[in-house]
Trainee: 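Structure below; questions to follow.
In what follows, every heavy atom counts, from backbone to side chain, and hydrogens, waters and symmetry copies are set aside.
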Amino acid sequence: MGNLFYGISEEAAEATASGWFTAHCDGGARGNPGPAGYGAVIEDPKGRVVARLSEYLGRQTNNYAEYKGLLAVMDWALKNAARRLRVISDSELMVRQMKGRYKVKSPGLRPLWEEAQRRALKLDGFEMRHTLRVGNKEADRLANEAMDRGQETGDQGNKGPKGQG
């Protein structure tokens with residue numbers, strides 16, 4: 001019997017279809033606002049890294065960068081048949097806003113929060129949890145690399161390259 005996941009075993013395909021993907025995401029800005037970027041690492045249900053995402057965002061706030069990282073992992077999940085997504089972030093504010101514990105008062109963040117809520121509803125399962133920065137090291141490194149790319153090119157206002165791997 002075939003499966004939709006060409007090139008992987010039935011067992012792996014079943015785990016992918018029914019298991020939870022885990023994404024560690026982080027965003028940052030140097031100056032707040034300042035040169036900003038996000039980084040994320042996504043693991044399949046067996047704990048294997050399936051994607052690394054990062055993007056330079058130009059001059060933005062830290063919270064904006066956090067939300068852009070969240071939206072990037074949600075977008076990846078929707079495009080890659082990852083129907084259940086667990087997101088781990090060191091942004092307590094964003095986690096509490098996504099869970100409905102805090103209101104989103106910033107007019108700049110509200111559209112990002114609304115889009116994240118829409119994307120969460122498209123998934124079969126969505127969870128978010130807070131971690132300390134030490135629990136998000138690789139995502140933090142990718143976010144810093146994105147900011148470095150933007151600063152190296154002297155680009156303080158335009159988007160820079162996006163990486164996956």
Side-chain angles (χ1 to χ4, degrees), residues 4-9 11-13 15-30 32 34-95 98 109 112-113 115-116 118-120 122-156 158-165:
L4 297 174
F5 304 95
Y6 179 77
I8 63 175
S9 70
E11 179 185 308
T16 299
S18 64
W20 285 82
F21 283 72
T22 301
H24 290 263
C25 66
D26 193 23
R30 295 178 180 153
N32 205 28
Y38 70 77
V41 179
I42 303 170
E43 298 173 349
D44 71 10
K46 294 195 177 256
R48 297 173 295 219
V49 173
V50 293
R52 287 180 177 87
L53 312 173
S54 68
E55 184 176 357
Y56 175 66
L57 301 169
R59 183 177 168 81
Q60 296 293 344
T61 66
N62 180 64
N63 290 330
Y64 178 92
E66 295 280 7
Y67 268 102
K68 291 299 276 188
L70 172 61
L71 290 169
V73 299
M74 295 173 102
D75 185 53
W76 185 95
L78 291 166
K79 288 180 178 174
N80 290 279
R83 302 303 309 157
R84 293 184 178 143
L85 182 64
R86 181 174 294 118
V87 177
I88 300 168
S89 170
D90 61 13
S91 171
E92 190 173 3
L93 175 72
M94 181 176 69
V95 171
M98 286 298 295
L109 294 182
L112 301 175
W113 174 83
E115 182 58 28
R118 280 191 290 275
R119 290 182 189 180
K122 291 179 182 179
L123 296 165
D124 294 339
F126 178 77
E127 294 178 0
M128 272 198 90
R129 89 170 195 234
H130 178 256
T131 186
L132 299 177
R133 178 173 281 190
V134 71
N136 232 14
K137 282 185 180 180
E138 190 172 4
D140 180 66
R141 179 183 58 78
L142 290 166
N144 277 292
E145 286 177 5
M147 288 181 268
D148 291 345
R149 283 194 307 266
Q151 290 186 297
E152 285 169 8
T153 63
D155 180 2
Q156 301 300 311
N158 298 318
K159 289 186 177 182
K162 184 175 182 177
Q164 273 187 279

Trainee: Should Phe21 and Val50 count as side-chain neighbours, where that means a heavy-atom distance under 4.5 Å?
Mentor: yes
Trainee: Which heavy atom in Gln60 sits nearest to a heavy atom in Ala36, and how many Å separate them?
Mentor: CB-CB, 3.8 Å
Trainee: Shortest non-hydrogen contact from Ala77 to Leu123?
Mentor: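 Scanning both residues, the minimum pair turns out to be CB-CD2, 4.2 Å.
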Trainee: What I'd like to find out is whether the side chain of Tyr67 reaches to under 4.5 Å of the side chain of Met98, using heavy atoms alone.
Mentor: yes
Trainee: For Gly37 versus Ala143, what's the shortest heavy-atom pair and its separation?
Mentor: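 Scanning both residues completely, I find the closest heavy atoms to be O-CB, 4.0 Å.
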Trainee: With no hydrogens and no angle check, is any side-chain donor or acceptor of Asn32 less than 3.5 Å from a backbone partner on Asn62?
Mentor: yes
Trainee: Main chain of Ala82, side chain of Asn80: is a donor-acceptor contact present, judged purely on distance under 3.5 Å?
Mentor: no
Trainee: Roughly how far apart are Met94 CE and Asn63 CG, rounded to 0.5 Å?
Mentor: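 Here the rounded value is 9.0 Å.
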Trainee: Which pairs with one or both residues in residues 128-137 pass side chain to side chain donor-acceptor pair (under 3.5 Å), sequence neighbours excluded?
Mentor: His24-Asn136
Trainee: Can you find a heavy atom in the side chain of Asp148 that is under 4.5 Å from one in the side chain of Arg30?
Mentor: yes
Trainee: Rounded to the nearest 0.5 Å, how far does CG of Asp75 lie from CG of Leu53?
Mentor: 9.0 Å
Trainee: For the residue pair Thr61 and Ala29, what are the closest heavy atoms and their distance?
Mentor: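 Scanning both residues, the minimum pair turns out to be C-CB, 3.7 Å.
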Trainee: Taking Glu115 first and then Arg118, would you say they form a salt bridge - that is, a charged N and a carboxylate O separated by under 4.0 Å?
Mentor: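 Salt bridge: yes.
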Trainee: Measure the spacing between CD1 of Ile42 and CE of Met74 and express it to the nearest 0.5 Å.
Mentor: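 The CE atom of Met74 is 11.5 Å from CD1 of Ile42, to the nearest 0.5 Å.
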Trainee: Leu70 versus Tyr38: any side-chain heavy-atom pair under 4.5 Å?
Mentor: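 Contact flag for Leu70/Tyr38 side chains = no.
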Trainee: Can you measure from CG (Leu142) to CD (Glu55) and round to the nearest 0.5 angstrom?
Mentor: 13.0 Å
Trainee: Say you draw a straight line from CD of Glu43 to CZ of Arg52; how long is it, rounded to the nearest 0.5 Å?
Mentor: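 Answer for the CD-CZ pair, Glu43 versus Arg52, is 9.0 Å.
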Trainee: To the nearest 0.5 Å, tell me how far Tyr64 OH sits from Leu109 CG.
Mentor: 9.5 Å
Trainee: Are the side chains of Arg149 and Ser54 in contact, using a 4.5 Å heavy-atom criterion?
Mentor: yes
Trainee: Please name the pair of heavy atoms, one in Val73 and one in Ala40, separated by the smallest distance, quoted to 0.1 Å.
Mentor: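 Result for this residue pair: CG1-CB, 3.3 Å.
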Trainee: Given side chains that start at C-beta, do those of Asp90 and Glu66 come closer than 4.5 Å, heavy atoms only?
Mentor: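 Yes - at least one pair of side-chain heavy atoms lies under 4.5 Å apart.
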